[in-house]
Amino acid sequence: NAGVTQTPKFRILKIGQSMTLQCTQDMNHNYMYWYRQDPGMGLKLIYYSVGAGITDKGEVPNGYNVSRSTTEDFPLRLELAAPSQTSVYFCASSLLGPNSGNTIYFGEGSWLTVV
Amino acid sequence: RKEVEQDPGPFNVPEGATVAFNCTYSNSASQSFFWYRQDCRKEPKLLMSVYSSGNEDGRFTAQLNRASQYISLLIRDSKLSDSATYLCVVTNSNSGYALNFGKGTSLLVTP
């Protein structure tokens, strides 16, 4: 079972470059999320989506953009990469929202370094 | 005060030991509570939800004290495979769709 799949797993970017982290899920989940995890820190929500065509900002959205054209896909776009965006990025999905107590499934993570 | 606070550890315990992790949360309106497990360089995975009445899953017991805004995780008969970081996670209506993650408590079980 694929679950949540993220690509690429590792990437090095130069300052000012742009890139897209891809995320797809095959569980027909309505909710999708992008989190970042800095070393020794808790995960922080970047953007989330409650369904196709609907996205909203999380706690740390600056420097990122998302789209949700299909239920399965939720790409994260980094424009003008900065060293502060060096982090591990996790895509996640759930059938219902977090307050439902529903399990949230995470992808394996994308390690991004901006130099 | 951070929303979710955990003792970062590390906790080094021998196999077979019992170990307890604590977590406090600041928002009294918090609604749902979880423990996630994260292995080194891996994604978080749900270990267990935490219910007001307390709940047990094998060697793992979770407790919630709403009055003290405190969550605990007890691991009995520790195994080498329990070595990981344990993340306390809280949701509340103020955070929208964000899960509020603690920084995690690191556990190392030694032979």
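The sequence lines fix the lettering, A, B, ..., with proteins before strands; numbering per chain opens at 1.
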Do [X] and [Y] belong to the same hydrophobic cluster, where Ile, Leu, Val, Met, Phe, Trp and Tyr are linked whenever their side-chain heavy atoms lie under 4.5 Å apart, directly or via other members?
X        : Y       : answer
A:Tyr105 : B:Trp35 : no
A:Val4   : B:Leu47 : no
B:Ile75  : B:Ile71 : yes
A:Val88  : A:Leu78 : no
A:Tyr48  : A:Trp34 : no

Taking only residues two or more places apart in sequence, or in another chain, which ones meet [X] in a side-chain contact (heavy atoms from CB on, under 4.5 Å)?
X       : value
A:Thr20 : A:Gln22, A:Pro75, A:Arg77
B:Ala20 : B:Leu74
A:Ala81 : A:Leu13, A:Gln85, A:Val114

- Message: Taking B:Leu99's backbone N and O only, do any of them form a donor-acceptor pair with A:Tyr35's side chain (distance below 3.5 Å, no angle check)?
- Response: yes
- Rounded distance [0.5 Å steps], CZ in B:Phe101 versus CE in A:Met41: 13.5 Å
- Separation between CG (B:Asn100) and CG (A:Leu45), nearest 0.5 Å, reads 9.5 Å
- Item | residues 103-111 of chain B: residues contacting chain A (heavy atom under 4.5 Å, by number) | B:Lys103
- Message: If we define contacts as heavy-atom pairs under 4.5 Å, which of B:Ser32, B:Pro8, B:Cys88, B:Pro44 has the most with chain A?
- Response: B:Pro44
- Item | Winner by heavy-atom pair count (cut-off under 4.5 Å) against chain B, out of A:Ser94, A:Gly109, A:Gly107, A:Ala92 | A:Gly107
- Contacting moiety of A:Glu108, where chain B heavy atoms sit under 4.5 Å: both
- Message: For a quick test of reading the model, state the closest non-hydrogen atom pair linking B:Arg41 to A:Trp111 and the distance between them.
- Response: O-CH2, 3.2 Å
- Message: If I compare all heavy atoms of A:Phe90 with all of B:Lys42, which pair ends up nearest, and what's the gap?
- Response: CZ-O, 3.6 Å
- By a 4.5 Å heavy-atom criterion (distance strictly below it), what part of B:Gln6 contacts chain A: side chain, backbone, both, or neither? neither
- When you check the side-chain N and O atoms of A:Gln6 and B:Glu43, is any donor under 3.5 Å from an acceptor? no
- Item | Flag if over 12 foreign heavy atoms under 6.0 Å of NZ, A:Lys9 | yes
- Query: Quick one: does A:Ile104's side chain get under 4.5 Å of B:Tyr36's, heavy atoms only?
  - Reply: yes
